[in-house]
Amino acid sequence: MSKPKVFVTRKLSNELVKAYEETLDIRMWDREEEPVPAEILRSEAKEAEALFTVLGDSIDASLLAQSKNLKVVANMAVGYDNIDIEAAKKHGITVTNTPDVLSETTADLGFSLLAATARRITEANAYVKEDNWKQWAPFLLAGSDIHHKTLGIVGMGRIGEALAKRATGFNMKLQYHNRTRKPEAEEKLHASYVSFEELLETSDFVVTVVPLTEETEGLFNQAAFEKMKSSAIFINISRGKVVDEAALIKALNDGEIKAAGLDVFYEEPIRADHPLVNMHNVVCLPHIGSASNETRTEMVHLCMKNIVEVTAGREATTPVYN
């Protein structure tokens, strides 16, 4: 009996996939940092029963329609806006993601980015490396305090709650906005539920952890930034398209907000000449929210487990929809 054919769109180490080779016929794109070309992806998808994908892979309606053997798309991420979900449903293809396993790691990164932006860590590091540090000065690279400030979290899911938990160690006042209230989180974390407008107007730090949907695309626009304090710091660890980048650049240039820390961008990857990269009050990271060795390894195993289950005719472990 032939083994189910699987195509993995990024190179993974042999150690990670070896355990699955007894039950799966695994083909893999041979580069880790370079995306698989669209024509190769489409060709492989025609034969595959399973695709192991990442956020940079576009799994659109036409690809799904021509993939007659495809049973499952296992996306190595919590988000799945790179996949046409309605088309997948239409063709009876299961889509899975990797929730839970990356929440704590992404919250670590989110709070690290907040702290780095507030205290101007990357600026200070460059200052020393460029041999600009000549003497001590009273306000040399002075940043913003974090402790006892107000943190506003937009999107109180697992990552939002994990981020709030970290903020309690800094004695921050916590407030959040979400589609639905989270009474348990409010009690456990002493967080207050407020409207989106109130959160923008009263928070010292605004962190977005929302998924990308029709409702959230462009949520942080010119009107939103104009409502924020001029001393506020904006952090995005969700999706780049929830932000109107032109509006963000204007807000930073005009002093409507103080600084921004960004792990995601409207189009990725960005280049060194991107306007946000060259702003002294912006910290830019290359979408590394879940990038710890432990978490990325666990994400790979969860994707492979989903593939094993679905190709064997069983229910997925973490389906996006039922």
Side-chain angles (χ1 to χ4, degrees), residues 3-60 62-64 66-67 69-85 88 93-102 105-106 109 212 237-241 263-265 267-271 285-311 316-320:
K3 294 183 285 189
K5 294 181 179 179
V6 180
F7 182 65
V8 182
T9 66
R10 293 294 189 279
K11 181 176 175 58
L12 303 174
S13 70
N14 292 331
E15 290 76 16
L16 281 176
V17 300
K18 186 176 181 180
Y20 304 98
E21 290 178 339
E22 288 187 12
T23 55
L24 301 172
D25 178 6
I26 301 173
R27 290 176 57 83
M28 193 183 307
W29 176 235
D30 61 2
R31 297 166 200 180
E32 181 180 2
E33 296 185 13
E34 182 180 326
V36 58
E39 62 274 14
I40 293 178
L41 175 57
R42 296 181 74 85
S43 176
E44 294 286 351
K46 284 182 180 180
E47 304 297 326
E49 290 185 42
L51 292 177
F52 180 124
T53 59
V54 300
L55 279 173
D57 301 318
S58 176
I59 310 301
D60 59 21
S62 63
L63 182 146
L64 294 169
Q66 58 107 62
S67 305
N69 300 318
L70 193 59
K71 295 178 179 178
V72 57
V73 179
N75 211 41
M76 189 180 162
V78 173
Y80 41 86
D81 45 276
N82 57 312
I83 302 169
D84 190 322
I85 296 298
I93 299 167
T94 299
V95 176
T96 69
N97 63 344
T98 56
D100 299 331
V101 298
L102 53 71
T105 301
T106 304
L109 187 282
L212 178 61
I237 56 170
S238 55
R239 286 290 180 267
K241 290 185 179 180
D263 186 42
V264 290
F265 301 88
E267 290 186 1
E268 298 179 0
I270 60 169
R271 310 313 317 156
L285 303 179
H287 203 148
I288 56 170
S290 62
S292 72
N293 286 318
E294 298 90 340
T295 294
R296 289 285 170 89
T297 297
E298 196 169 352
M299 290 167 73
V300 168
H301 286 308
L302 182 52
C303 285
M304 296 305 294
K305 183 177 180 181
N306 277 311
I307 288 170
V308 168
E309 294 300 305
V310 176
T311 56
T317 303
T318 54
V320 168

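- Separation of atoms CD1 (Ile307) and CG (Leu51) is listed at 8.0 Å; rounding is to 0.5 Å.
- Defined by atom type and a distance below 3.5 Å, a donor-acceptor pair is present between the side-chain atoms of Ser62 and Arg42.
- Using a 4.5 Å heavy-atom threshold, the side chains of Thr317 and Thr96 count as separate.
- Counting only heavy atoms from C-beta outward, the side chains of Leu285 and Leu109 approach each other to under 4.5 Å.
- You'll find the side chain of Leu24 stays beyond 4.5 Å of the side chain of Glu49, heavy atoms only.
- Contact annotation: the side chain of Ile40 approaches that of Glu44 to within less than 4.5 Å [non-hydrogen atoms, C-beta and beyond].
- Counting heavy-atom neighbours within 6.0 Å of Tyr80 OH, excluding the residue itself, gives a total of 12 or less.
- Inter-residue side-chain proximity for Trp29 and Glu34 is flagged as met; some heavy-atom pair is nearer than 4.5 Å.
- The CZ atom of Arg239 lies 8.0 Å from the CD atom of Glu268; values are rounded to the nearest 0.5 Å.
- Of all the heavy atoms in Val264 and Ser238, the pair that sits closest is CG1-O, 3.7 Å.
- Of all heavy-atom pairs spanning Thr311 and Ala50, the tightest one is CG2-CB, 4.2 Å.
- Remark: Asn97 pairs with no residue by the side chain to side chain donor-acceptor pair (under 3.5 Å) rule, at least two apart or across chains.
- Nearest approach of Glu32 to Arg10, heavy atoms of both residues: O-CD, 3.2 Å.
- One finds the OG1 atom of Thr9 at 7.0 Å from the CD1 atom of Ile59 (value rounded to the nearest 0.5 Å).
- A 4.5 Å side-chain heavy-atom check between Ser67 and Glu47 finds every atom pair outside the cut-off.
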**OP:** Output, in order, the C-alpha distance, side-chain angles, deciding distance and verdict of side-chain contact (heavy atoms from CB on, under 4.5 Å) for Ile26 and Phe52.
**Re:** CA-CA 10 Å; Ile26 301 173; Phe52 180 124; over 6 Å; no
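- More than 12 heavy atoms of other residues, nucleotides or ligands sit less than 6.0 Å from atom CG of Asp30.
- Distance CG/Leu70 to OG1/Thr94: 9.5 Å, rounded to 0.5 Å.
- Checked by atom type and distance alone, the side chain of Ser43 never pairs as donor or acceptor with a backbone atom of Glu39 at under 3.5 Å.
- Within 6.0 Å of atom NZ in Lys3, more than 12 heavy atoms from other residues, nucleotides or ligands are found, so the atom counts as buried in its surroundings.
- In this structure, Ala38 has no side chain to side chain contact (heavy atoms under 4.5 Å, CB included) partners at least two apart in sequence or on a different chain.
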For residues 14-23, tabulate all N or O donor-acceptor pairs below 3.5 Å that involve a side-chain atom, not counting sequence neighbours.
from  : atom 1 : to     : atom 2 : distance (Å)
Tyr20 : OH     : His301 : ND1    : 2.8
Thr23 : OG1    : Tyr20  : O      : 3.4

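- Taking each heavy atom of Ala74 and Cys303 in turn, the nearest pair found is CB-O, 3.8 Å.
- Residue-environment remark: CD (Glu33) stays at or below the threshold of 12 foreign heavy atoms within 6.0 Å.
- Looking at heavy atoms from C-beta onward, Thr318 lies in side-chain contact with Asn306 at the 4.5 angstrom threshold.
- Rounded to the nearest 0.5 angstrom, Leu64 CG and Asp84 CG are separated by 6.5 Å.
- Summarising the geometry of Gln66 relative to Ala45, their closest heavy-atom pair is NE2-CB, 3.9 Å, with the distance given to 0.1 Å.
- With values rounded to the nearest 0.5 angstrom, Arg296 atom CZ is found 9.0 Å from Thr98 atom OG1.
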Original post:
Val72 and Glu309: side-chain contact (heavy atoms from CB on, under 4.5 Å), yes or no, with the steps?
Top reply: CA-CA 10 Å; Val72 57; Glu309 294 300 305; over 6 Å; no
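- A donor-acceptor contact shorter than 3.5 Å is absent between the side chain of Asp25 and the backbone of Pro4.
- Looking at Lys5 and Arg27, their side chains never come closer than 4.5 Å, going by heavy atoms from C-beta outward.
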